[in-house]
Amino acid sequence: MKAFLPKENLIPWLKDLSSSLEVIAPVDVEGEVVYQTWKGQPPVLIGNTLSSPIEVLMPRTDVLFRYVQDSGRYTFDEPNVPTRVVVGMKPCDLKAVAILDRIFGSEPTDRPYLAKRRSTLLISLNCTDPGPRCFCAIMGSGPGSLEGFDLTLTDLGSGYLAEAGSAAGVLLIKGCSSGLFLEADGSHEASRDILLEKARSVMAEKYEDRSVEHLRRAIRSADWEYLGRQCLSCGGCSFICPVCHCFSIADLGVPDGERVRCRDTCLLSGFSRMTSGANPLRSIGEMMRNWYLDKFEHLPERTGLIGCVGCGRCDEICLAQIDRWRLEVLDERSR
Amino acid sequence: MEKILTTCVYCGCGCGLYLHVDGGRVVGVSPSRKSAASKGRLCIKGWLSGDFVNHPDRLSYPMIRKGERQLRASWDEALSLVASSLTGMDPSAVGVLTSAKGTNEENYLFSKLARAGFKTNNVDHVARLCHAPTVTGLSYAFGSGATTNPISSLEEADAILVVGSNTTEQHPLVASYVLKARSKGTKLIVVDPRRTQIASLADIHISPRPGTDVAWINSLLNVIIKQGLADQDFITKRTMGFEAVKESVLSYAPEIVETICGVPAGVLREAALAYGSADKASIIYAMGITQHITGTDNVQALANLALATGNLGRPGTGLYPLRGHQNVQGACDMGALPDLYPGYQKVVDANARAKFEKGWSTKLPKVPGLTAVEMIQSAETGKIKGLLIIGENPMVSYPDRSSVRRALEKLEFLAVCDIFPTETSKLADAVLPAASFAEKEGTFTSTERRIQRIRKATDPPGESRSEWEVAAELLRRLGVPGDYSSPADIMEEISSLAPNYGGVTYHRLGAAGLQWPCPTRDHPGTEIMHIEKFPIGLARFRPVDHMEPAEGPDGEYPLLLTTGRCLYHFHTSTMTRRSPLLDREVPSPFVEVNPEDASRAGLRNGQKALVETRRGQLQLEVKVSPGVPRGILFVPFHFSEAPANLLTGAFLDPSSKIPELKISAARLRKVSP
């Protein structure tokens, strides 16, 4: 199903949605766009946020349950999962959801993830204005939304072309107050195709050397020990990545407390260190290499999808300012 | 789900971050792109800085000691007890240790509480153990003890000299700028006995014998002067006292210094040329310079070097004393020091005193108070009888733990305000639960003098309160005028009394904050200090001479123990050890030992060793590390179960009273399993 949402109807529509769902949308907080619960502010549907809205499905710290001890018996209390709709998720993050769905959805399935996934609607926004570090087109995850959305929007200037991807998505259009959506026609779709093709060609031209094959070759030939010496072990490339999903589990509190799982990173030695102290990843360089191998070799093997969605965030947040995607270009003076 | 922009609580870099709040708790952290210093990046501690906030160990109600136990009490009972106990003593017997983890507003109020409430200048904080020599040394040399340039200015340097700073681990953001500069061709000189990550990336790594900093710095200046690399124009127009320094460094030729420091003369010469011939050169330093009995002299030696080469007042130049706590700069600015009022106005200056007496509507004591370590030492001798400790853990962070315990146990009254139970709070007569950085409003001042806001993201646990509310309530009970409904009100008062904060108001503090000096409401703040003149007019050279450490190795204790930190923990690790990933990364205490020393003691990696000094002994896991020079042991001080400060001595620098934490004579032996 397709419909057209004039821009002036965007806020009324979100108001409509927020009467029955918690709307998570990108808004300006102290000068920067971040995803949070929408409370009537103008949503900022341009550019991508530094922190991915994937956190709605996979929070950095996730309380699995609370445990309370009473007379030697434990009772467990799982937190409620709120019903939410994410508005404006970019195709790169949407692709990440598709990868996570395959990982967490395969046996043994991951209940905490799936509970959130089932109670979250995703309204994506196709990318007509890719950022300077974006290369989703090269990774095949954008600029148009491919799968997993309930509704996808394309900014056509005067309004948004809305296309449903699920029954719930149809309801998002049909279930709202009448008159907000207009009928979409072929010219809307034609404009969408032109805009997305333009975005695709911008990225293709800029990053023609970033094909998966090219990156795989670079991973094989990079001087990992050199790169590892510069890494400042901030873990940011894992924490910011919408695809990175490793976690560790901790029980906080004795005798009562909570079991949490927190996003982990293979850039920490504790991630792979054995109890004996031995570590199969012997240096930071090997840990970095593992990070890339997971995305370009292991995840494709396991899920059939490339584990990088081309959002460019790891490049932006690297504390050591290592050019994450030009692995073969090394500083000559240190070699 | 909400995101709250705030400032990191760990080191002094002042990185901006968003706390992610969901269901009333902090569930994550992400960097802020708009942060002036960090520009969308964080270190591992920053990424995980929300972890400890919701930890169930948080103190959540006040407690009062009844015999051996600390029992739950109401705020009214606890605060009444604190007020009546401390006002019942002679003012000179009362002391306040404020917190470099607290906000500016909190430090200001506790400084006011000590002086206007308890009528004592016995107020100090952890800067005494980190940058007291910087405040003393650079105040003398330049008239201001703060970092001269913004962190981002490092990118413009042609040469960077990093001294006694494990920058990649302790100030990762600063390191990121150093590495960026290095990748563009900046010469990097690192001076550290250990081969740290930044040392391994340096063009020149100098590994001097600990405690010989004055000697090697003087030798650099010796070469620079001899080679005609001194900036005569700058020296003539901007400084005084150069001739005496020129005379004194004559005896520090590299060949002579080689015998003192153990660094080849050629390396010293190479470093001197690299620093001296750069058009723009910066100096970064930290505890490796300050925590010595010659701390103030070490700082002056570096100031001499920068002054003689004209490396001040321009982008890419300057001195960067890297501040360890996120608000240790602010705590100093707020006069949490025994001899200085807020804004570095001297207690002994009658005009300054009159100004604060008028501002605070009360009489103030005239005599400067005791420093932090002196307060503890005076408690042991019975001179100090009551202490109010805010967010500090001297049982783990101060030198000579055994004597700290004796001192605290001897007190007639000890009150501790903190977010977690600590080794220190366990000894307290009254425990006051505090709100963490995520649960209150206020400002922090970073190492680059940048005043930035923190914002409340969640409610504090249980009955715990912001420290500014505790201070305000105590002031009220002591009858000191002041009516504060929020930290913004307190900042109003600060800006009326501290000239360097004169133009600071909350509504001016956007994502980029403001860098002091900011004297007026229309002043844009100061990025680079000392551009045209120094606060004291002409900068002052002062000749300094090498002096041997207080307790060097000897026959009985042949090794040299030095203490420090690691990337994954912060200070006494009350916060970082409650973060699952940080705790997992470095879960237990250790001693780093050079392979030769290890094999001499029959020790292998992972085995237990006994490290002994004249003050105590610790059993520690051995990490054999070629990065530690022969004869040196390195022990991080994070771990309360194996507190490094059981081993350290309280030998003080005579000017700044900082203890020589970096050097203790020690011995090492294997523990039979």
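FYI, side chains are in, hydrogens and waters are out, and symmetry mates aren't considered; it's all heavy atoms of this structure.
- Contacts with chain A were tallied for B:Leu581, B:Ile4, B:Thr168, B:Ile198; B:Leu581 has the most, counting heavy-atom pairs under 4.5 Å.
- If you measure heavy-atom distances from A:Val254 to chain B, you find no contacts under 4.5 Å at all.
- Using a distance-only test at 3.5 Å, with no hydrogens or angles considered, a donor-acceptor pair links the side chain of A:Thr37 to the main chain of B:Met1.
- Heavy atoms only, all atoms of each residue included: B:Lys3 and A:Tyr35 are closest at NZ-O, 2.5 Å.
- A:Ser52 does not touch chain B: none of its heavy atoms, backbone or side chain, sits under 4.5 Å away.
- Using a 4.5 Å cut-off between heavy atoms, A:Glu30 touches chain B through backbone and side chain atoms alike.
- Atom OG of B:Ser176 is separated from atom CD of A:Gln230 by 12.0 Å, given to the nearest 0.5 angstrom.
- Contact annotation for A:Ile24: only side-chain heavy atoms (C-beta onward) come within less than 4.5 Å of a heavy atom of chain B.
- A:Leu50 has its side chain within reach of B:Pro31: a pair of non-hydrogen atoms, C-beta onward, lies under 4.5 Å apart.
- Two residues are said to be in side-chain contact when any heavy atoms from C-beta on lie closer than 4.5 Å; A:Leu268 and B:Tyr568 meet this criterion.
- The main-chain N or O of B:Arg33 is found under 3.5 Å from a side-chain atom of A:Glu32 such that the two form a donor-acceptor pair.
- The side-chain heavy atoms of B:Asp22 and A:Pro59, taken from C-beta on, include no pair separated by under 4.5 Å.
- A:Ser269 and B:Glu585 form a side-chain donor-acceptor contact under 3.5 Å, judged by distance and modelled atom types alone.
- In this structure, B:Arg25 and A:Val63 have side chains that are in contact, with non-hydrogen atoms separated by less than 4.5 Å.
- The structure places NE2 of B:His55 at 9.0 Å from CD of A:Glu258, a figure rounded to the nearest 0.5 Å.
- Side-chain atoms of B:Tyr18 come within 3.5 Å of backbone N or O of A:Val29 as a donor-acceptor pair.
- Of the possible polar contacts, one joining the A:Arg273 side chain to the B:Arg584 backbone as a donor-acceptor pair under 3.5 Å is found.
- The closest donor-acceptor contact from the side chain of A:Arg60 to the backbone of B:Val29 lies under 3.5 Å.
- Proximity of A:Cys234 to B:Arg41: side-chain heavy atoms (C-beta onward) are nowhere separated by under 4.5 Å.
- Within the 4.5 angstrom heavy-atom criterion, only backbone atoms of A:Arg263 (N, CA, C, O) approach chain B.
- Looking at A:Ser248, only its side chain comes within 4.5 Å of chain B, counting heavy atoms on both sides.
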